[in-house]
Amino acid sequence: MRAVIASGAGGPDVLSVAELPDPEPGPGEVAISVVATAINRADLLQRQGHYPPPPGSSGIIGLECSGTIDAVGPDVTDWSVGDEVCALLAGGGYATKVVVPAGQVMPVPAGVDLVSAAALPEVACTVWSNVFMIAALRPGENILVHGGAGGIGTFAIQLAAANGSRVLTTGGTPEKLAACADLGADVTINYRDEDFVAVVKEQTDGHGADVILDNMGAKYLGRNVDALATEGRLVIIGMQGGTRGELDISTLLRKRGAVVATSLRARPVADKAAICASVVEHVWPLVADGRVRPIVHGTMPLEEARAAHELMESGDHMGKILLTT
Ligand SMILES: NC(=O)c1ccc[n+]([C@@H]2O[C@H](COP(=O)([O-])OP(=O)(O)OC[C@H]3O[C@@H](n4cnc5c(N)ncnc54)[C@H](OP(=O)(O)O)[C@@H]3O)[C@@H](O)[C@H]2O)c1
């Protein structure tokens, strides 16, 4: 197979394409002939040497893909050779072949082309598991989505709006915030020159945010707790603003608030299978009827993984960046 390899930890220029042996599916696994994969922020950290793959996973970067089933391992009955699928991976996506536990494979939602389907597994599984399975966002509640123009953010806005929530979101430019509004955000906040706590309070008549999906970590911890409603749930999924913050327990206590932090990649295979099954049941119908769609910034060949990483690092993208094989 062809795969993107890293010559060492470093900048985008460590990436290049090489020929490697095809992986073979073991019991409970399938091999996928990859048509497309997508760039995730975690890929940048892995390339820099800060985010090693979980034990037993491929050392090749890449947390999701779309393609066709190429081979099935012993005991796999759910999938057949030739099925068009997308999959949540612990690694190995930047390649023309990948092996994955069968439970992390999902059908391509109706109405989505096979390439664009590569934009879905990470965002759908991350947003569904955190916002709906953990934070239990209910119709009629509001949500603050930080970084609404990113891969995660564009999906979270759509999914929350489709499930009957009022969506507030932060972003860095008027153009990106306008695009967030087009996706269903009711309130947009420019994080560069507005105080999101004040805007959330003002826009919710003092109620605060029932759920916050946070990509910033330490930098926003105190302000997020300030912005929470009584019985609000803050779910932290990113550390773009650092890992060590200060939490005012008395504010959290008074609000009976919850702070949760999760990493999808580190979860056991059985958890990921349960999340994928729940996504197929609850999210795919919304994708199939067009209420939620993959937002693709652009598509490049696998050979341009380096340029794709540079683009994500520049922050000039909106939605997902795909690589095709
Ligand atoms: N825990 C998990 O399981 C999991 C899974 C997937 C992703 N993640 C995390 O989720 C985050 C988003 O991932 P992604 O793939 O969507 O990356 P992405 O497309 O690069 O999006 C990054 C977002 O961060 C926003 N941002 C930058 N500075 C900000 C600030 N000061 N305040 C608010 N937002 C700010 C950007 O907004 P502008 O573009 O408007 O500047 C952009 O929307 C990353 O931290 C990633 O590691 C976690």
Side-chain angles (χ1 to χ4, degrees), residues 12 36-45 47 62-66 86 93-94 109 111-113 115-128 130-131 143-162 165 167-194 196 199 212-217 219-220 237-241 283 286-287 290-301 304-324:
T37 183
I39 314 292
N40 283 281
R41 255 192 186 249
D43 303 349
L44 312 182
L45 293 177
R47 190 204 69 219
L63 298 175
E64 56 194 329
C65 74
S66 59
C86 55
Y94 290 16
V112 175
D113 65 90
V115 169
S116 302
L120 291 172
E122 262 289 319
V123 295
C125 292
T126 301
V127 173
W128 180 253
N130 284 288
V131 173
I143 179 171
L144 171 62
V145 175
H146 281 301
I152 292 283
T154 49
F155 200 82
I157 291 169
Q158 297 181 83
L159 195 55
S165 281
V167 182
L168 303 94
T169 195
T170 58
T173 66
E175 296 72 27
K176 286 187 177 184
L177 289 170
C180 291
D182 288 344
L183 290 173
D186 301 285
V187 177
T188 60
I189 307 164
N190 191 322
Y191 66 72
R192 295 185 199 278
D193 55 24
E194 288 183 275
F196 73 81
V199 178
I212 300 178
L213 182 64
D214 176 66
N215 58 321
M216 296 304 291
K219 187 175 175 189
Y220 279 2
I237 61 164
M239 302 176 286
Q240 288 169 235
V283 180
L286 298 171
V287 178
R291 282 196 281 167
V292 175
R293 58 194 169 86
I295 304 299
V296 177
H297 176 90
T299 303
M300 306 177 180
E304 288 179 28
R306 189 181 291 193
H309 275 219
E310 284 166 352
L311 173 57
M312 180 168 272
E313 277 171 351
S314 76
D316 289 341
H317 65 295
M318 167 142 190
K320 299 285 291 188
I321 303 163
L322 304 186
L323 296 175
T324 51

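The basis for the numbers below is simple: all heavy atoms, side chains too, and nothing from hydrogens, waters or symmetry mates.
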Please report the interatomic distance CD1(Ile321) to CE(Met300), rounded to the nearest 0.5 Å.
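Result: 6.5 Å between the selected atoms.
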Please identify each residue that fulfils salt bridge (charged side-chain N to carboxylate O under 4.0 Å, His left out) with Lys320, with sequence neighbours left out.
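Lys320: salt bridge (charged side-chain N to carboxylate O under 4.0 Å, His left out) contacts with Glu64.
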Measure the spacing between NE2 of His309 and CZ of Arg47 and express it to the nearest 0.5 Å.
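Reported to 0.5 Å precision, the distance equals 6.0 Å.
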Strictly distance-based, threshold 3.5 Å: is any side-chain N or O of Thr126 a donor or acceptor partner for the main-chain N or O of Val123?
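Such a contact is absent between Thr126 side chain and Val123 backbone.
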Do Ile152 and Asn215 have side-chain heavy atoms sitting under 4.5 Å apart?
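When only atoms from C-beta onward are counted, Asn215 and Ile152 do not touch, as no gap falls below 4.5 Å.
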Would you say the side-chain atoms of Arg293 pair up with the backbone N or O of Gln158, donor to acceptor, closer than 3.5 Å?
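Flag not set: sc Arg293 to bb Gln158 has no pair under 3.5 Å.
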Please report the interatomic distance CD1(Ile157) to CG(Asp182), rounded to the nearest 0.5 Å.
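Interatomic distance, Ile157 CD1 to Asp182 CG, rounded to 0.5 Å: 10.0 Å.
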Okay, side chain of His297, backbone of Gly319: is any donor-acceptor separation there less than 3.5 Å?
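Flag not set: sc His297 to bb Gly319 has no pair under 3.5 Å.
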Heavy-atom closest pair, residues Leu286 and Ala162:
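Residues Leu286 and Ala162, closest heavy atoms: CD1-CB, 4.2 Å.
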Kindly indicate whether the side chain of Phe155, heavy atoms from C-beta on, has any atom under 4.5 Å from the side chain of Val283.
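Of all side-chain heavy-atom pairs linking Val283 with Phe155, at least one is under 4.5 Å.
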Any sub-3.5 Å donor-acceptor pair from Thr169's side-chain atoms to Val145's backbone N or O?
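Indeed, once roles are kept as given, a pair shorter than 3.5 Å links the two residues.
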Which atoms form the tightest heavy-atom contact between Ala156 and Val127, and what is the distance?
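So the two residues come closest at CA-CG1, 3.7 Å.
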Gap between atom CG of Asn130 and atom SG of Cys125 - 0.5 Å precision
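Answer for the SG-CG pair, Cys125 versus Asn130, is 10.5 Å.
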Nearest-0.5 Å distance, OG1 of residue Thr170 to OH of residue Tyr220
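One gets 5.5 Å once the value is rounded to the nearest 0.5 Å.
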I'd like to know if the side chain of Arg192 and the backbone of Gly172 have a donor-acceptor N/O pair within less than 3.5 Å.
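Yes; judged by distance alone, with no hydrogens or angles, the pair exists.
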How far does CG of Leu63 sit from OH of Tyr94, to the nearest 0.5 angstrom?
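Spacing of CG (Leu63) from OH (Tyr94) equals 7.5 Å.
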My understanding is that only one of Ile39, Thr299, Thr37 makes a side-chain contact (heavy atoms from CB on, under 4.5 Å) with Leu322; could you say which?
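When side-chain contact (heavy atoms from CB on, under 4.5 Å) is applied between Leu322 and each of Ile39, Thr299, Thr37, only Thr299 qualifies.
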If I compare all heavy atoms of Val167 with all of Gly184, which pair ends up nearest, and what's the gap?
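Closest approach of Val167 to Gly184: CB-O, 4.2 Å.
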Could you check whether any side-chain N or O of Thr154 sits under 3.5 Å from a backbone N or O of Gly150, counting only pairs where one atom can act as donor and the other as acceptor?
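Checked: pair present.
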Closest heavy-atom contact between Glu194 and Thr188?
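The pair with the smallest heavy-atom distance is OE1-O, 4.2 Å.
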Derivation and outcome, side-chain contact (heavy atoms from CB on, under 4.5 Å), residues Val131 and Leu159:
CA-CA 10 Å; Val131 173; Leu159 195 55; over 6 Å; no
Taking every non-hydrogen atom, the tightest pair across Lys176 and Gly315:
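Here Lys176 and Gly315 meet closest at NZ-O, 2.6 Å.
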Okay, side chain of Asn40, backbone of Asp43: is any donor-acceptor separation there less than 3.5 Å?
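Judged by distance alone, no pair lies under 3.5 Å.
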Please report the shortest heavy-atom distance between Glu313 and Pro12, naming the atom on each side.
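Where Glu313 meets Pro12 most closely, the heavy atoms are OE1-CG, 3.5 Å.
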Flag yes if more than 12 heavy atoms outside Met216 fall under 6.0 Å of its CE atom; otherwise flag no.
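Correct, the count exceeds 12.
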